[in-house]
Amino acid sequence: MTAAPLKKYRSIANRSLQNVMAYRNSYIINVLANSINLVAIFFLWQGIYGGRGVVGGYSWDQMKTYLLVTFLANSVLSWYSETAISIKILDGSVAMDLLKPVDFQTARFAETLGASLLEGAMSTVLLILFATFLTGVTFPHSLIVYLLFAVSLLCAVVVKFGVVYLAALLCFWSTGSLGIVWTRIALTNLLSGALVPLAFFPDWLEKLALLLPFQAIIHTPTMIFLQQADTGESLRLIGLQLLWGAALWIAGKAMWNWAVRQVTIHGG
């Protein structure tokens, strides 16, 4: 991609960030709501452990760290893209995007990154505050682990966008987005490890989850941060994330082309 197209997408991302800043109160409320959810889940797990040292292979200190990393990973990619794409499709304004000299999928990804910058930054600040007041939170002591985690987190953004984008495109064949969004959120939270670590699942469900792309969103970054994977295994997991990201991106391209043909055929 040459410098000129890249400049277009940087402009789209910057405009998206400016839009977030203009309506920052809604994003602040969203982050605070996620923080309250984190606190509620923390006390829930505290009750589950109930003085026990290890549950499902995780110590209480590891679980606290797991919850914080999950909070950060979920905050890096906001709900913005799903909402924005669904609205464009349902109100028909997506037709205007067909006339613009930019790739629809790449433009939405740029918008998503721009919108996620503020929420991700705010979530990082809150994460540091939580970690400051919580005792026993385990942090890696190796710079390599932090670098691998950062790369994995970026890959997780691509994978989650791919899942969200495909789900949003289903609105071409529906009259509403609420059911699609709820189903997507339920599947993502369950099979990514956002609700509980995959190690807590029955063997058959854990094996199934590890075969699907959702695990690349939460499970992989937390495995790396908690140092449950060595450097070689971490690189393998990141490679798997990249494969899923590429596969979902290609699937998104194919689904978009199919959807546009259907809209054209029916006079949309």
Side-chain angles (χ1 to χ4, degrees), residues 9 12-13 15-17 19-20 22-34 36-37 73-100 102-120 123 156-192 194-195 212-214 216-218 244-245 247-268:
Y9 296 118
I12 291 172
R15 184 184 61 193
S16 179
L17 178 58
N19 185 58
V20 172
Y23 298 96
R24 56 186 174 274
N25 288 340
S26 63
Y27 279 83
I28 292 173
I29 292 172
N30 184 53
V31 171
L32 290 177
N34 289 336
I36 294 172
N37 184 57
N74 270 331
S75 300
V76 169
L77 184 60
S78 68
W79 50 266
Y80 177 87
S81 58
E82 195 161 24
T83 305
I85 299 170
S86 299
I87 291 175
K88 277 179 174 290
I89 295 172
L90 293 174
D91 67 9
S93 60
V94 67
M96 298 301 297
D97 289 279
L98 298 174
L99 305 176
K100 296 177 181 178
V102 293
D103 178 71
F104 182 82
Q105 186 174 5
T106 309
R108 302 293 77 76
F109 184 60
E111 282 181 348
T112 300
L113 290 179
S116 298
L117 285 176
L118 179 62
E119 188 170 345
S123 298
V157 168
V158 178
V159 174
K160 187 173 181 181
F161 173 79
V163 173
V164 167
Y165 183 73
L166 286 171
L169 290 184
L170 290 176
C171 289
F172 274 111
W173 293 274
S174 77
T175 57
S177 63
L178 194 58
I180 294 172
V181 170
W182 283 359
T183 302
R184 199 279 305 164
I185 290 175
L187 285 174
T188 302
N189 286 342
L190 175 64
L191 299 176
S192 69
L195 293 179
L212 298 174
F214 305 103
I217 300 172
I218 300 294
W244 274 120
L248 291 170
W249 189 273
I250 293 171
K253 287 279 189 187
M255 190 170 178
W256 166 257
N257 291 333
W258 182 31
V260 170
R261 285 198 299 270
Q262 297 297 313
V263 171
T264 302
I265 290 171
H266 293 290

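Sequential numbering from 1 along the given sequence is applied to the chain's residues.
- Between S174 and I180 the shortest heavy-atom distance is OG-CD1, 3.5 Å.
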**Request:** Decide yes or no on side chain to side chain contact (heavy atoms under 4.5 Å, CB included) for V102 and T106, but give the supporting numbers first.
**Result:** CA-CA 8 Å; V102 293; T106 309; over 6 Å; no
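- Contact of the W244 side chain with the V158 side chain is not registered, since no non-hydrogen atoms from C-beta on lie closer than 4.5 Å.
- Residues satisfying the side chain to side chain contact (heavy atoms under 4.5 Å, CB included) test with T183, not counting sequence neighbours, are L187.
- When T188, L166, L248 are each tested for a side-chain contact (heavy atoms from CB on, under 4.5 Å) with P213, only one passes: L248.
- Remark: L212 CG to I217 CD1 distance equals 10.5 Å, nearest 0.5 Å.
- Residues R184 and A167 approach most closely at CG-CB, 3.4 Å, considering heavy atoms.
- For I85 against A168, the heavy-atom pair with the smallest separation is CG2-CB, 3.6 Å.
- N189 meets the side chain to side chain donor-acceptor pair (under 3.5 Å) test with no other residue; sequence neighbours excluded.
- Interatomic distance, I87 CD1 to S177 OG, rounded to the nearest 0.5 Å: 7.5 Å.
- For the pair Y165 and K253, the minimum side-chain heavy-atom distance is 4.5 Å or more.
- For the atom pair C171 SG and D91 CG, the distance stands at 11.0 Å (nearest 0.5 Å).
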**Audit row: K160, N74, side chain to side chain contact (heavy atoms under 4.5 Å, CB included) steps and yes/no** = CA-CA 9 Å; K160 187 173 181 181; N74 270 331; 3.8 Å; yes
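- Between W258 and W173, the ring center distance clears the sub-6.0 Å criterion.
- Rounded to the nearest 0.5 Å, atoms CG (L169) and CZ (R108) are 10.5 Å apart.
- Under the 4.5 Å side-chain criterion, counting only non-hydrogen atoms from C-beta, L170 is in contact with M255.
- No side-chain heavy atom of F109 sits less than 4.5 Å from a side-chain heavy atom of Y9.
- For the atom pair E111 CD and F161 CZ, the distance stands at 9.0 Å (nearest 0.5 Å).
- The aromatic rings of W256 and F104 sit parallel to each other, their planes meeting at less than 30°, with 60° as the upper class boundary.
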**side chain to side chain contact (heavy atoms under 4.5 Å, CB included) between K88 and M96, worked out** = CA-CA 9 Å; K88 277 179 174 290; M96 298 301 297; over 6 Å; no
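- Looking at heavy atoms from C-beta onward, V157 lies in side-chain contact with L113 at the 4.5 angstrom threshold.
- Of all heavy-atom pairs between G245 and V159, the closest is N-CG2, 3.9 Å.
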